[in-house]
> 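One structure coming up, written as structure tokens, with questions to follow.
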Amino acid sequence: MQIQIRSNALEIRRWLDDAQKKQIPFATVMAMTQTAKDVAWEEIGVMQRVFDRPTPYTLNALQVKPATKAKMIASVEFKEFGGTPAKRFLNPEVYGGPRSQKSHERQIAPLLKGYSYLVPARGTALNQFGNVPGATIRRVLSQLRVSPNADANASSSKRSKANRRAQAFFVNKQGNMVMQRKGKLVTPFLVGVKSPNYRKRFPFHETAEAVVRERFSVNFEIAFQRAMATAR
């Protein structure tokens, strides 16, 4: 996303003295960077309003790249941090459409019959953010023997088999569910679904444009006055 900021700075320069002219680039860089920070802060607030119990991972998905005198561009971007890249799970919320597979779905999909996505079954225990806890997902992958870490997969030892008799995860014969066995009780745990289609609900671009219109001129004035106060 690019946001263009047009101003009459060049025209105004004719009415400034030399000291003031020298501070324009510095003030512009400071104003652009502060405006980008304002955008990021507002985007976090929007996510808290439009998402149901967003995780800290989601709320921490934005990063600000400051402007410099050499490159007068400040940006707010989705992080490419370890784990799932933020754009992978946020782009469907920004643009609408299908979401990408989660890592555990990619591991389990070959065991299913025509299903590439999984959702928690009714009654599956979820954490405070409405998701299956990561530790539980790792246990599912281990018992299905599809963990990307081969050492984490369940073994054929007596102890491992005994543990699985007490509580086990397995794919049903129809190939559309991951089932959970607790003693004699067997219940659905994850249900296979076709590609989920998301509606647009995170107005990322609209929010950014509104903040830039509202804040850039204010930030520039503050930065310019600060620059003049500290100029030598």
Side-chain angles (χ1 to χ4, degrees), residues 1-100 102 128-131 198-232:
M1 175 187 182
Q2 292 184 341
I3 299 175
Q4 294 184 342
I5 299 173
R6 302 182 184 277
S7 70
N8 58 346
L10 292 178
E11 180 181 344
I12 293 175
R13 281 175 64 93
R14 293 184 298 173
W15 306 101
L16 302 178
D17 60 33
D18 289 341
Q20 291 172 324
K21 290 177 182 178
K22 290 180 181 179
Q23 301 308 317
I24 287 180
F26 175 79
T28 302
V29 167
M30 295 296 294
M32 294 180 75
T33 299
Q34 182 56 52
T35 302
K37 292 178 180 179
D38 292 341
V39 168
W41 183 255
E42 183 62 26
E43 300 284 13
I44 292 171
V46 171
M47 285 192 284
Q48 290 174 320
R49 292 194 295 273
V50 302
F51 295 155
D52 178 25
R53 294 170 290 171
T55 66
Y57 193 83
T58 298
L59 296 178
N60 192 40
L62 298 175
Q63 65 179 353
V64 172
K65 291 188 176 180
T68 66
K69 285 187 178 181
K71 187 177 182 180
M72 287 193 175
I73 298 174
S75 64
V76 180
E77 303 174 359
F78 293 150
K79 291 180 181 177
E80 294 291 334
F81 42 21
T84 304
K87 65 181 180 182
R88 182 176 293 174
F89 59 85
L90 283 177
N91 273 353
E93 307 287 0
V94 174
Y95 301 103
R99 69 165 172 83
S100 59
K102 299 177 181 179
Q128 69 267 36
F129 304 112
N131 302 316
Y198 284 65
R199 63 177 177 81
K200 176 180 176 178
R201 59 172 176 165
F202 179 19
F204 177 79
H205 301 297
E206 297 84 348
T207 299
E209 290 171 353
V211 172
V212 170
R213 286 195 301 268
E214 179 182 346
R215 294 297 306 167
F216 179 75
S217 59
V218 175
N219 288 334
F220 180 83
E221 182 177 351
I222 293 172
F224 186 75
Q225 294 296 334
R226 185 177 300 168
M228 289 303 300
T230 57
R232 296 181 179 178

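Since we're looking at a predicted model, the values are computed, not measured.
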> Quick check for you: to the nearest 0.5 Å, what is the distance between T207 atom OG1 and M47 atom CE?
10.0 Å

> Restricting to non-hydrogen atoms, name the atom on T28 and the atom on M72 that form the minimum distance, rounded to 0.1 Å.
CG2-SD, 4.1 Å

> Minimum heavy-atom separation for A86 and A61, please, with both atom names.
CB-CB, 3.6 Å

> Which atoms form the tightest heavy-atom contact between A67 and T33, and what is the distance?
N-OG1, 3.0 Å

> Heavy-atom count around M30 CE within 6.0 Å, excluding the residue itself: above 12?
no

> Of all residues at least two apart in sequence or in a different chain, which pass the side-chain hydrogen bond (donor to acceptor under 3.5 Å, both in side chains) check with T55?
T58

> Atom CD in E214, atom CD in E42: separation rounded to 0.5 Å?
8.0 Å

> Side chains of residues 89-97: which donor-acceptor partners sit under 3.5 Å, not counting sequence neighbours?
{"unit_1": "N91", "atom_1": "ND2", "unit_2": "K87", "atom_2": "O", "d": "3.4"}
{"unit_1": "E93", "atom_1": "OE1", "unit_2": "R201", "atom_2": "NE", "d": "2.7"}
{"unit_1": "E93", "atom_1": "OE2", "unit_2": "R201", "atom_2": "NH2", "d": "3.3"}
{"unit_1": "Y95", "atom_1": "OH", "unit_2": "H205", "atom_2": "NE2", "d": "3.0"}

> Are the side chain of K79 and the backbone of N60 linked by a donor-acceptor contact shorter than 3.5 Å?
yes

> Looking at every heavy atom in both V46 and P203, which two are closest together, and how far apart are they?
CG1-CD, 3.8 Å

> Determine the minimum heavy-atom distance between A40 and V64, stating which atoms define it.
CB-CG2, 3.8 Å

> Classify the angle between the aromatic ring planes of F204 and F78 as parallel (below 30°), tilted (30 to 60°) or perpendicular (above 60°).
tilted

> Residues two or more places apart in sequence or in another chain: which of them pass side chain to side chain contact (heavy atoms under 4.5 Å, CB included) with D38?
Q34, V211, R215, N219

> Kindly assign one of parallel, tilted or perpendicular to the pair F224 and F220, based on the angle between their ring planes and the thresholds 30° and 60°.
parallel

> Of the non-hydrogen atoms in A74 and A36, which two are nearest, and what is the gap between them?
CB-CB, 3.9 Å

